[in-house]
Amino acid sequence: MAHQTQVRVRMAPSPTGPIHVGNLHTALFNWLFARSQDGVFILRFEDTDQERSKPEWEEVIYNEMRWLGLDWDEGPDIGGPYGPYRQMERLDIYERYAKRLLESGHAYYCYCTPEELDAERAEARKKGVGYLYSRRCLHLSEQQRAAFESEGRRPTIRFRVPDGEIVSFEDIIRGEIKTSTDDMSDPIIVRSNGIPTYNFAVAVDDIEMRITHIIRGEGHISNTPQQILIYQALGVEPPIIAHVGHILGADRTKLSKRHGDSFVGDYRDKGFLPDALLNFMALLGWSPPDGSEEISRERMIKEFTLERVSKAPSIFDLKKLEWLNGYYIRSMSIDELTQACIPFLQRAGHLPDDLSGVDMERLKEIVALSQERIKVLSEINDMSDFFFGPPKYDPKSVKKTLTSQGRQVLMTLEKELADTPWEPDALEAAVRGVADRLAIKAKDAFQPLRVAITGSLVSPPLVESMKILGRETCLERIRQGIALCESKS
Ligand code: GLU
(Lines give C-alpha, C1' and ligand atoms only; values in the text may rest on other atoms or scores of the structure.)
Protein backbone atom coordinates (compact mmCIF):
# COMPACT_ATOMS: atom_id res chain seq x y z
CA MET A 1 0.00 0.00 0.00
CA ALA A 2 1.10 3.50 -0.73
CA HIS A 3 0.05 4.67 2.72
CA GLN A 4 2.31 4.84 5.71
CA THR A 5 2.18 1.89 7.98
CA GLN A 6 1.07 3.80 11.05
CA VAL A 7 -2.59 4.70 11.08
CA ARG A 8 -3.22 8.42 11.66
CA VAL A 9 -6.80 9.63 12.07
CA ARG A 10 -8.35 12.81 13.32
CA MET A 11 -11.31 14.53 14.85
CA ALA A 12 -11.72 18.09 13.62
CA PRO A 13 -14.46 19.89 15.53
CA SER A 14 -15.20 23.58 15.32
CA PRO A 15 -14.86 25.18 18.75
CA THR A 16 -18.25 26.84 18.37
CA GLY A 17 -20.23 24.76 20.85
CA PRO A 18 -20.20 21.63 22.94
CA ILE A 19 -19.82 18.15 21.45
CA HIS A 20 -22.95 16.92 19.74
CA VAL A 21 -23.67 13.18 19.84
CA GLY A 22 -23.16 13.11 16.05
CA ASN A 23 -19.59 14.42 16.49
CA LEU A 24 -19.06 11.98 19.32
CA HIS A 25 -20.12 9.11 17.06
CA THR A 26 -17.47 9.80 14.42
CA ALA A 27 -14.89 10.80 17.04
CA LEU A 28 -15.44 7.46 18.76
CA PHE A 29 -15.05 5.50 15.53
CA ASN A 30 -11.81 7.36 14.77
CA TRP A 31 -10.55 6.78 18.29
CA LEU A 32 -11.48 3.08 18.26
CA PHE A 33 -9.84 2.67 14.89
CA ALA A 34 -6.66 4.41 16.06
CA ARG A 35 -6.49 2.41 19.27
CA SER A 36 -7.27 -0.87 17.50
CA GLN A 37 -4.45 -0.25 15.01
CA ASP A 38 -1.86 1.16 17.40
CA GLY A 39 -2.37 4.34 15.49
CA VAL A 40 -2.43 8.03 16.31
CA PHE A 41 -5.60 9.97 17.13
CA ILE A 42 -5.34 13.69 16.44
CA LEU A 43 -7.52 16.51 17.71
CA ARG A 44 -7.49 19.69 15.68
CA PHE A 45 -9.76 22.67 15.71
CA GLU A 46 -11.46 24.13 12.67
CA ASP A 47 -11.69 27.63 14.05
CA THR A 48 -11.97 29.64 10.85
CA ASP A 49 -15.41 30.87 11.84
CA GLN A 50 -13.92 33.67 13.90
CA GLU A 51 -17.26 35.01 15.14
CA ARG A 52 -18.39 31.76 16.67
CA SER A 53 -15.09 30.07 17.63
CA LYS A 54 -14.21 30.63 21.29
CA PRO A 55 -11.42 29.37 23.55
CA GLU A 56 -14.12 28.53 26.13
CA TRP A 57 -15.59 26.02 23.70
CA GLU A 58 -12.17 24.46 23.24
CA GLU A 59 -12.07 23.90 27.00
CA VAL A 60 -15.54 22.38 26.95
CA ILE A 61 -14.50 20.00 24.16
CA TYR A 62 -11.33 18.97 26.03
CA ASN A 63 -13.31 18.37 29.22
CA GLU A 64 -15.97 16.32 27.51
CA MET A 65 -13.40 14.21 25.69
CA ARG A 66 -11.54 13.66 28.96
CA TRP A 67 -14.74 12.74 30.74
CA LEU A 68 -15.42 10.19 28.01
CA GLY A 69 -11.87 8.88 28.29
CA LEU A 70 -11.19 9.52 24.60
CA ASP A 71 -7.56 10.59 24.70
CA TRP A 72 -5.69 12.20 21.83
CA ASP A 73 -2.03 11.88 20.88
CA GLU A 74 -1.56 15.19 19.11
CA GLY A 75 -3.59 18.32 19.58
CA PRO A 76 -3.64 22.07 20.24
CA ASP A 77 -3.02 21.60 23.96
CA ILE A 78 -0.26 18.99 23.72
CA GLY A 79 1.27 19.82 20.36
CA GLY A 80 2.77 17.22 18.08
CA PRO A 81 5.03 16.93 15.05
CA TYR A 82 2.57 18.43 12.54
CA GLY A 83 1.18 21.40 14.42
CA PRO A 84 -0.12 23.91 14.97
CA TYR A 85 -3.47 22.19 15.47
CA ARG A 86 -5.74 25.20 15.09
CA GLN A 87 -6.53 26.30 11.55
CA MET A 88 -6.22 30.00 12.32
CA GLU A 89 -2.60 29.35 13.31
CA ARG A 90 -1.95 27.64 9.99
CA LEU A 91 -2.80 30.45 7.55
CA ASP A 92 0.75 30.57 6.20
CA ILE A 93 0.51 26.88 5.33
CA TYR A 94 -2.72 27.36 3.37
CA GLU A 95 -1.20 30.34 1.64
CA ARG A 96 1.75 28.23 0.55
CA TYR A 97 -0.55 25.54 -0.87
CA ALA A 98 -2.79 28.10 -2.57
CA LYS A 99 0.25 29.60 -4.23
CA ARG A 100 1.26 26.19 -5.56
CA LEU A 101 -2.21 25.71 -7.04
CA LEU A 102 -2.16 29.19 -8.58
CA GLU A 103 1.24 28.57 -10.12
CA SER A 104 0.29 25.21 -11.56
CA GLY A 105 -2.91 26.63 -13.08
CA HIS A 106 -5.18 24.66 -10.73
CA ALA A 107 -6.46 27.84 -9.13
CA TYR A 108 -7.21 31.42 -10.15
CA TYR A 109 -8.11 34.76 -8.64
CA CYS A 110 -11.76 35.71 -8.75
CA TYR A 111 -12.85 39.34 -8.39
CA CYS A 112 -16.59 38.79 -8.64
CA THR A 113 -18.52 40.62 -5.98
CA PRO A 114 -21.18 38.92 -3.84
CA GLU A 115 -23.80 40.92 -5.76
CA GLU A 116 -22.51 39.66 -9.11
CA LEU A 117 -22.50 36.09 -7.84
CA ASP A 118 -26.00 36.48 -6.44
CA ALA A 119 -27.14 37.65 -9.85
CA GLU A 120 -25.60 34.55 -11.46
CA ARG A 121 -27.38 32.35 -8.96
CA ALA A 122 -30.68 34.09 -9.51
CA GLU A 123 -30.26 33.60 -13.25
CA ALA A 124 -29.66 29.87 -12.80
CA ARG A 125 -32.74 29.65 -10.58
CA LYS A 126 -34.80 31.40 -13.22
CA LYS A 127 -33.67 28.91 -15.82
CA GLY A 128 -34.29 26.06 -13.41
CA VAL A 129 -30.71 24.75 -13.72
CA GLY A 130 -28.13 23.92 -11.04
CA TYR A 131 -25.76 26.78 -10.33
CA LEU A 132 -22.22 26.64 -11.67
CA TYR A 133 -19.88 29.61 -11.41
CA SER A 134 -19.57 31.33 -14.84
CA ARG A 135 -15.77 31.33 -14.74
CA ARG A 136 -15.86 34.93 -15.67
CA CYS A 137 -12.53 35.45 -13.87
CA LEU A 138 -10.79 32.35 -15.20
CA HIS A 139 -8.80 34.12 -17.87
CA LEU A 140 -8.31 37.65 -16.60
CA SER A 141 -5.47 39.59 -18.15
CA GLU A 142 -3.00 41.50 -15.99
CA GLN A 143 -4.75 44.73 -16.96
CA GLN A 144 -8.18 43.43 -15.98
CA ARG A 145 -6.81 42.30 -12.64
CA ALA A 146 -5.13 45.64 -12.07
CA ALA A 147 -8.37 47.42 -12.91
CA PHE A 148 -10.30 45.39 -10.36
CA GLU A 149 -7.59 45.96 -7.77
CA SER A 150 -7.72 49.68 -8.34
CA GLU A 151 -11.49 49.56 -7.75
CA GLY A 152 -10.57 48.21 -4.32
CA ARG A 153 -11.77 44.67 -5.01
CA ARG A 154 -10.04 41.96 -3.03
CA PRO A 155 -9.95 38.63 -4.85
CA THR A 156 -10.92 35.21 -3.64
CA ILE A 157 -9.04 32.20 -4.94
CA ARG A 158 -11.01 29.57 -6.81
CA PHE A 159 -10.04 26.04 -7.57
CA ARG A 160 -10.32 25.19 -11.23
CA VAL A 161 -12.35 22.01 -11.54
CA PRO A 162 -11.17 19.98 -14.55
CA ASP A 163 -13.66 19.55 -17.37
CA GLY A 164 -15.26 16.30 -18.41
CA GLU A 165 -13.77 14.06 -15.77
CA ILE A 166 -15.19 11.58 -13.32
CA VAL A 167 -13.90 11.89 -9.75
CA SER A 168 -14.15 8.57 -8.08
CA PHE A 169 -13.20 7.23 -4.68
CA GLU A 170 -13.61 3.93 -2.94
CA ASP A 171 -15.45 4.52 0.32
CA ILE A 172 -14.66 1.54 2.49
CA ILE A 173 -18.13 1.58 4.00
CA ARG A 174 -20.10 2.42 0.83
CA GLY A 175 -18.05 1.25 -2.12
CA GLU A 176 -17.19 3.36 -5.15
CA ILE A 177 -18.65 6.86 -5.29
CA LYS A 178 -18.40 8.77 -8.57
CA THR A 179 -19.12 12.37 -9.45
CA SER A 180 -18.86 14.11 -12.80
CA THR A 181 -16.74 17.24 -12.66
CA ASP A 182 -19.18 18.79 -15.14
CA ASP A 183 -21.63 19.03 -12.22
CA MET A 184 -19.11 20.85 -10.01
CA SER A 185 -18.72 24.59 -9.73
CA ASP A 186 -15.20 26.00 -9.27
CA PRO A 187 -15.15 26.33 -5.48
CA ILE A 188 -13.67 29.27 -3.59
CA ILE A 189 -10.74 27.88 -1.62
CA VAL A 190 -9.48 31.11 -0.07
CA ARG A 191 -11.81 33.97 0.84
CA SER A 192 -10.95 37.57 0.07
CA ASN A 193 -9.80 38.01 3.70
CA GLY A 194 -7.20 35.27 3.25
CA ILE A 195 -9.05 32.66 5.28
CA PRO A 196 -9.38 29.26 3.63
CA THR A 197 -12.72 27.52 3.14
CA TYR A 198 -13.45 24.15 4.71
CA ASN A 199 -12.72 21.85 1.74
CA PHE A 200 -9.34 23.39 1.04
CA ALA A 201 -8.18 23.70 4.65
CA VAL A 202 -9.25 20.16 5.49
CA ALA A 203 -7.40 18.72 2.49
CA VAL A 204 -4.24 20.69 3.31
CA ASP A 205 -4.43 19.68 6.99
CA ASP A 206 -4.98 16.04 6.14
CA ILE A 207 -2.01 16.10 3.77
CA GLU A 208 0.28 17.95 6.17
CA MET A 209 -0.72 15.85 9.15
CA ARG A 210 -0.16 12.61 7.21
CA ILE A 211 -3.74 11.46 7.81
CA THR A 212 -4.12 7.88 6.53
CA HIS A 213 -7.89 7.42 7.03
CA ILE A 214 -10.73 9.92 7.00
CA ILE A 215 -13.68 8.62 8.98
CA ARG A 216 -16.57 11.07 9.10
CA GLY A 217 -20.32 11.42 8.80
CA GLU A 218 -22.16 10.80 5.53
CA GLY A 219 -23.06 14.49 5.44
CA HIS A 220 -19.55 15.04 4.10
CA ILE A 221 -19.87 12.72 1.07
CA SER A 222 -20.68 15.67 -1.17
CA ASN A 223 -17.50 17.46 -0.03
CA THR A 224 -15.21 14.58 -0.80
CA PRO A 225 -14.95 14.99 -4.62
CA GLN A 226 -13.68 18.57 -4.15
CA GLN A 227 -11.13 17.36 -1.65
CA ILE A 228 -10.00 14.54 -3.96
CA LEU A 229 -9.50 17.02 -6.81
CA ILE A 230 -7.34 19.16 -4.54
CA TYR A 231 -5.23 16.10 -3.66
CA GLN A 232 -4.88 15.26 -7.32
CA ALA A 233 -3.89 18.81 -8.22
CA LEU A 234 -1.22 18.68 -5.55
CA GLY A 235 -0.03 15.25 -6.69
CA VAL A 236 -0.84 13.56 -3.38
CA GLU A 237 -2.68 10.26 -3.00
CA PRO A 238 -5.86 10.75 -0.94
CA PRO A 239 -6.29 8.94 2.37
CA ILE A 240 -8.60 5.97 2.71
CA ILE A 241 -12.13 7.31 3.18
CA ALA A 242 -15.09 6.03 5.19
CA HIS A 243 -18.41 7.79 5.58
CA VAL A 244 -20.40 6.59 8.56
CA GLY A 245 -24.24 6.56 8.42
CA HIS A 246 -26.26 9.27 10.12
CA ILE A 247 -27.85 8.88 13.50
CA LEU A 248 -31.60 9.40 13.38
CA GLY A 249 -33.99 10.37 16.12
CA ALA A 250 -37.01 8.22 16.97
CA ASP A 251 -38.94 10.09 14.24
CA ARG A 252 -36.34 8.91 11.71
CA THR A 253 -35.08 12.40 10.89
CA LYS A 254 -31.42 13.27 11.37
CA LEU A 255 -30.63 13.71 15.05
CA SER A 256 -30.43 17.39 15.87
CA LYS A 257 -31.06 19.89 18.60
CA ARG A 258 -34.77 19.48 17.97
CA HIS A 259 -34.57 16.05 19.54
CA GLY A 260 -33.76 17.52 22.92
CA ASP A 261 -30.63 16.24 24.55
CA SER A 262 -28.17 16.17 21.76
CA PHE A 263 -24.99 17.21 23.53
CA VAL A 264 -22.58 14.95 25.36
CA GLY A 265 -22.74 17.27 28.38
CA ASP A 266 -26.51 16.75 28.68
CA TYR A 267 -25.93 13.04 29.16
CA ARG A 268 -23.13 13.60 31.65
CA ASP A 269 -25.35 15.97 33.67
CA LYS A 270 -28.20 13.46 33.81
CA GLY A 271 -25.88 10.80 35.16
CA PHE A 272 -25.06 8.64 32.19
CA LEU A 273 -21.71 6.92 32.57
CA PRO A 274 -19.00 7.41 29.96
CA ASP A 275 -18.62 3.67 29.44
CA ALA A 276 -22.34 3.21 28.89
CA LEU A 277 -22.52 6.15 26.50
CA LEU A 278 -19.54 4.91 24.49
CA ASN A 279 -20.90 1.36 24.43
CA PHE A 280 -24.22 2.69 23.18
CA MET A 281 -22.67 5.00 20.57
CA ALA A 282 -20.39 2.25 19.27
CA LEU A 283 -23.42 0.07 18.56
CA LEU A 284 -24.93 2.75 16.32
CA GLY A 285 -23.79 1.42 12.97
CA TRP A 286 -21.32 -1.13 14.29
CA SER A 287 -21.53 -4.39 16.17
CA PRO A 288 -18.96 -6.85 17.47
CA PRO A 289 -18.79 -10.16 15.60
CA ASP A 290 -20.74 -12.04 18.31
CA GLY A 291 -23.48 -9.37 18.45
CA SER A 292 -22.98 -8.59 22.18
CA GLU A 293 -24.87 -5.58 23.45
CA GLU A 294 -22.73 -4.96 26.49
CA ILE A 295 -19.19 -4.50 25.37
CA SER A 296 -16.31 -3.04 27.31
CA ARG A 297 -13.97 -0.40 25.97
CA GLU A 298 -11.16 -2.95 25.79
CA ARG A 299 -13.26 -5.36 23.77
CA MET A 300 -14.46 -2.59 21.48
CA ILE A 301 -10.85 -1.70 20.73
CA LYS A 302 -9.96 -5.32 20.13
CA GLU A 303 -12.88 -6.05 17.86
CA PHE A 304 -13.43 -2.77 16.01
CA THR A 305 -13.00 -2.85 12.24
CA LEU A 306 -14.24 -0.38 9.66
CA GLU A 307 -15.47 -3.30 7.56
CA ARG A 308 -18.15 -3.98 10.17
CA VAL A 309 -19.44 -0.40 10.10
CA SER A 310 -22.76 -0.20 8.32
CA LYS A 311 -23.76 2.51 5.91
CA ALA A 312 -27.39 2.37 7.01
CA PRO A 313 -28.52 5.11 9.36
CA SER A 314 -29.06 4.08 12.96
CA ILE A 315 -31.71 5.12 15.43
CA PHE A 316 -30.85 6.81 18.69
CA ASP A 317 -32.95 4.76 21.11
CA LEU A 318 -32.87 6.49 24.48
CA LYS A 319 -34.53 3.52 26.20
CA LYS A 320 -31.67 1.31 25.13
CA LEU A 321 -29.13 3.84 26.38
CA GLU A 322 -30.92 3.95 29.74
CA TRP A 323 -31.02 0.20 29.91
CA LEU A 324 -27.29 -0.02 29.17
CA ASN A 325 -26.56 2.67 31.72
CA GLY A 326 -28.50 0.72 34.34
CA TYR A 327 -26.44 -2.31 33.42
CA TYR A 328 -23.20 -0.35 33.97
CA ILE A 329 -24.50 1.07 37.24
CA ARG A 330 -25.26 -2.43 38.47
CA SER A 331 -21.75 -3.57 37.54
CA MET A 332 -20.07 -0.88 39.67
CA SER A 333 -18.70 -1.56 43.14
CA ILE A 334 -20.55 0.26 45.93
CA ASP A 335 -17.50 2.45 46.50
CA GLU A 336 -17.37 3.47 42.84
CA LEU A 337 -21.10 4.05 42.64
CA THR A 338 -21.09 6.11 45.84
CA GLN A 339 -18.31 8.32 44.50
CA ALA A 340 -20.21 8.72 41.22
CA CYS A 341 -23.45 9.65 43.03
CA ILE A 342 -21.92 12.21 45.42
CA PRO A 343 -21.88 15.17 42.98
CA PHE A 344 -25.54 14.52 42.13
CA LEU A 345 -26.51 14.39 45.80
CA GLN A 346 -24.54 17.58 46.41
CA ARG A 347 -26.22 19.36 43.54
CA ALA A 348 -29.62 18.42 44.96
CA GLY A 349 -28.60 19.75 48.38
CA HIS A 350 -28.71 16.30 50.00
CA LEU A 351 -25.02 16.41 50.81
CA PRO A 352 -22.82 19.38 51.74
CA ASP A 353 -19.87 20.42 49.59
CA ASP A 354 -17.55 19.58 52.46
CA LEU A 355 -17.93 15.86 52.97
CA SER A 356 -15.79 15.66 56.12
CA GLY A 357 -18.82 15.41 58.42
CA VAL A 358 -20.69 12.90 56.25
CA ASP A 359 -21.20 9.35 57.53
CA MET A 360 -19.72 7.50 54.56
CA GLU A 361 -20.77 4.05 55.73
CA ARG A 362 -24.39 5.16 55.94
CA LEU A 363 -24.10 6.84 52.54
CA LYS A 364 -22.78 3.64 50.98
CA GLU A 365 -25.67 1.67 52.50
CA ILE A 366 -28.13 4.16 51.00
CA VAL A 367 -26.49 3.99 47.59
CA ALA A 368 -26.38 0.18 47.71
CA LEU A 369 -30.16 0.07 48.21
CA SER A 370 -30.73 2.12 45.04
CA GLN A 371 -28.20 0.37 42.83
CA GLU A 372 -30.71 -2.05 41.31
CA ARG A 373 -33.32 0.62 40.80
CA ILE A 374 -31.68 3.57 39.09
CA LYS A 375 -30.96 3.84 35.39
CA VAL A 376 -29.11 7.17 35.57
CA LEU A 377 -27.16 8.60 38.48
CA SER A 378 -29.41 11.63 38.92
CA GLU A 379 -32.24 9.27 39.86
CA ILE A 380 -30.42 8.64 43.14
CA ASN A 381 -31.96 11.91 44.34
CA ASP A 382 -35.62 10.98 43.93
CA MET A 383 -34.91 7.44 45.02
CA SER A 384 -33.16 8.33 48.25
CA ASP A 385 -34.24 11.85 49.20
CA PHE A 386 -36.17 10.55 52.26
CA PHE A 387 -32.85 9.52 53.84
CA PHE A 388 -31.61 13.09 53.79
CA GLY A 389 -34.70 14.90 55.04
CA PRO A 390 -38.43 14.49 55.65
CA PRO A 391 -40.21 12.47 52.96
CA LYS A 392 -41.79 14.36 50.08
CA TYR A 393 -45.26 12.84 50.01
CA ASP A 394 -46.33 11.90 46.50
CA PRO A 395 -50.03 12.82 46.29
CA LYS A 396 -50.95 9.76 44.19
CA SER A 397 -49.24 7.36 46.57
CA VAL A 398 -50.85 9.08 49.56
CA LYS A 399 -54.30 8.93 48.01
CA LYS A 400 -53.93 5.26 47.22
CA THR A 401 -52.57 4.03 50.55
CA LEU A 402 -53.19 6.45 53.37
CA THR A 403 -56.85 5.47 53.63
CA SER A 404 -58.88 4.52 56.69
CA GLN A 405 -57.49 0.99 56.37
CA GLY A 406 -54.02 2.49 56.01
CA ARG A 407 -54.62 4.36 59.26
CA GLN A 408 -55.51 1.17 61.05
CA VAL A 409 -52.36 -0.50 59.69
CA LEU A 410 -50.11 2.36 60.74
CA MET A 411 -51.64 2.63 64.21
CA THR A 412 -51.08 -1.08 64.77
CA LEU A 413 -47.55 -0.84 63.41
CA GLU A 414 -46.72 2.12 65.60
CA LYS A 415 -47.32 -0.04 68.65
CA GLU A 416 -45.80 -3.18 67.17
CA LEU A 417 -42.58 -1.55 66.03
CA ALA A 418 -41.94 0.18 69.33
CA ASP A 419 -40.07 -2.88 70.52
CA THR A 420 -39.39 -5.05 67.47
CA PRO A 421 -35.65 -5.75 67.12
CA TRP A 422 -34.44 -3.20 64.55
CA GLU A 423 -33.24 -5.66 61.92
CA PRO A 424 -34.65 -6.20 58.41
CA ASP A 425 -35.82 -9.79 59.04
CA ALA A 426 -37.55 -8.93 62.28
CA LEU A 427 -39.15 -5.85 60.75
CA GLU A 428 -40.40 -7.86 57.80
CA ALA A 429 -41.88 -10.49 60.14
CA ALA A 430 -43.50 -7.81 62.28
CA VAL A 431 -45.25 -6.20 59.30
CA ARG A 432 -46.44 -9.58 58.03
CA GLY A 433 -47.68 -10.42 61.53
CA VAL A 434 -49.72 -7.20 61.61
CA ALA A 435 -51.22 -8.02 58.20
CA ASP A 436 -52.24 -11.47 59.46
CA ARG A 437 -53.79 -10.04 62.57
CA LEU A 438 -55.81 -7.51 60.59
CA ALA A 439 -56.69 -10.21 58.05
CA ILE A 440 -55.38 -8.19 55.12
CA LYS A 441 -52.82 -8.98 52.42
CA ALA A 442 -49.17 -8.31 53.32
CA LYS A 443 -49.04 -5.84 50.44
CA ASP A 444 -51.80 -3.78 52.06
CA ALA A 445 -49.68 -3.43 55.17
CA PHE A 446 -46.42 -2.70 53.39
CA GLN A 447 -47.82 -0.05 51.06
CA PRO A 448 -49.06 2.47 53.66
CA LEU A 449 -45.90 1.88 55.64
CA ARG A 450 -43.76 2.49 52.55
CA VAL A 451 -45.57 5.73 51.80
CA ALA A 452 -45.35 6.89 55.42
CA ILE A 453 -41.62 6.20 55.61
CA THR A 454 -40.45 7.14 52.11
CA GLY A 455 -43.23 9.37 50.77
CA SER A 456 -43.81 7.18 47.70
CA LEU A 457 -44.85 3.78 46.47
CA VAL A 458 -41.60 3.65 44.50
CA SER A 459 -38.69 3.29 46.86
CA PRO A 460 -35.66 1.20 47.69
CA PRO A 461 -36.34 -1.98 49.72
CA LEU A 462 -38.43 -0.87 52.67
CA VAL A 463 -37.20 -2.77 55.69
CA GLU A 464 -33.55 -2.21 54.74
CA SER A 465 -34.32 1.49 54.42
CA MET A 466 -35.98 1.47 57.85
CA LYS A 467 -32.92 -0.17 59.29
CA ILE A 468 -30.79 2.74 58.02
CA LEU A 469 -33.25 5.40 59.18
CA GLY A 470 -33.48 4.01 62.71
CA ARG A 471 -36.44 3.33 64.99
CA GLU A 472 -37.07 6.86 66.20
CA THR A 473 -37.27 8.41 62.74
CA CYS A 474 -39.47 5.59 61.48
CA LEU A 475 -41.94 5.84 64.37
CA GLU A 476 -42.13 9.57 63.86
CA ARG A 477 -42.90 9.08 60.16
CA ILE A 478 -45.55 6.47 60.96
CA ARG A 479 -47.25 9.03 63.22
CA GLN A 480 -46.99 11.56 60.42
CA GLY A 481 -48.61 9.00 58.09
CA ILE A 482 -51.45 8.53 60.59
CA ALA A 483 -51.96 12.29 60.70
CA LEU A 484 -52.11 12.35 56.90
CA CYS A 485 -54.78 9.60 56.88
CA GLU A 486 -56.80 11.63 59.36
CA SER A 487 -56.47 14.91 57.56
CA LYS A 488 -57.76 13.19 54.44
CA SER A 489 -60.86 11.58 55.92
N1 GLU B 1 -15.33 20.15 11.17
C2 GLU B 1 -15.86 19.08 10.38
C3 GLU B 1 -16.93 18.37 11.17
O4 GLU B 1 -16.83 18.31 12.38
C5 GLU B 1 -14.77 18.11 10.02
C6 GLU B 1 -15.19 17.23 8.95
C7 GLU B 1 -14.13 16.28 8.49
O8 GLU B 1 -13.93 15.30 9.21
O9 GLU B 1 -13.57 16.46 7.45
O10 GLU B 1 -17.88 17.90 10.61
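Just follow the structure's listing: the first ligand is 1, and inside any ligand the first atom is 1. The model shown is predicted, which means the values in this text are computed figures rather than measured ones. Excluded from the calculations below are hydrogen atoms, water molecules and symmetry mates; all remaining heavy atoms, backbone and side chain alike, are included.
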Check the surroundings of atom CD in Glu89: do more than 12 heavy atoms from other residues, nucleotides or ligands lie under 6.0 Å from it? yes
Can you pull out the closest protein heavy atom to atom 8 (O) of ligand 1? Residue, atom name and distance to 0.1 Å, please. Arg10 NH1, 2.6 Å
How does His220 reach ligand 1, by side chain, by backbone, by both or by neither, if only non-hydrogen atoms under 4.0 Å count? side chain
Should Glu46 be counted as touching ligand 1, given the test is an N or O pair under 3.5 Å? yes
Ligand 1 atoms in contact with Val202 (distance to a heavy atom under 4.0 Å): 9 (O)
Could you tell me the residue and atom name of the protein heavy atom closest to atom 9 (O) of ligand 1, and the distance to it rounded to 0.1 Å? Tyr198 OH, 2.7 Å
Give me the nearest non-hydrogen protein atom to atom 5 (C) of ligand 1 as residue plus atom name, then the distance to 0.1 Å. Ala12 O, 3.5 Å
Under 4.0 Å from a heavy atom of Arg216: give me the atoms of ligand 1 that qualify, with their elements. 7 (C), 8 (O), 9 (O)
Electrostatic pair Asp47:Arg52 at N-O distance under 4.0 angstrom: no
Give yes or no for whether the N/O distance cutoff of 3.5 Å, strictly under, is met between Pro13 and ligand 1. no
Evaluate the side-chain proximity of Met360 to Ile342: yes if any heavy-atom separation is below 4.5 Å, no if none is. yes
Would the distance check show the side chain of Ser36 and the main-chain N or O of Lys302 forming a donor-acceptor pair, the cut-off being under 3.5 Å? no
Under-4.0 Å salt bridge between Glu361 and Lys364: yes
Within 45° cone and under 6.0 Å: Arg121 NZ/CZ vs Tyr131 ring: yes
So for Met11, does at least one of its heavy atoms come nearer than 4.0 angstrom to any atom of ligand 1? no
Can we say Arg135 and Asp163 salt-bridge, meaning some charged N sits less than 4.0 Å from an Asp/Glu carboxylate O? yes
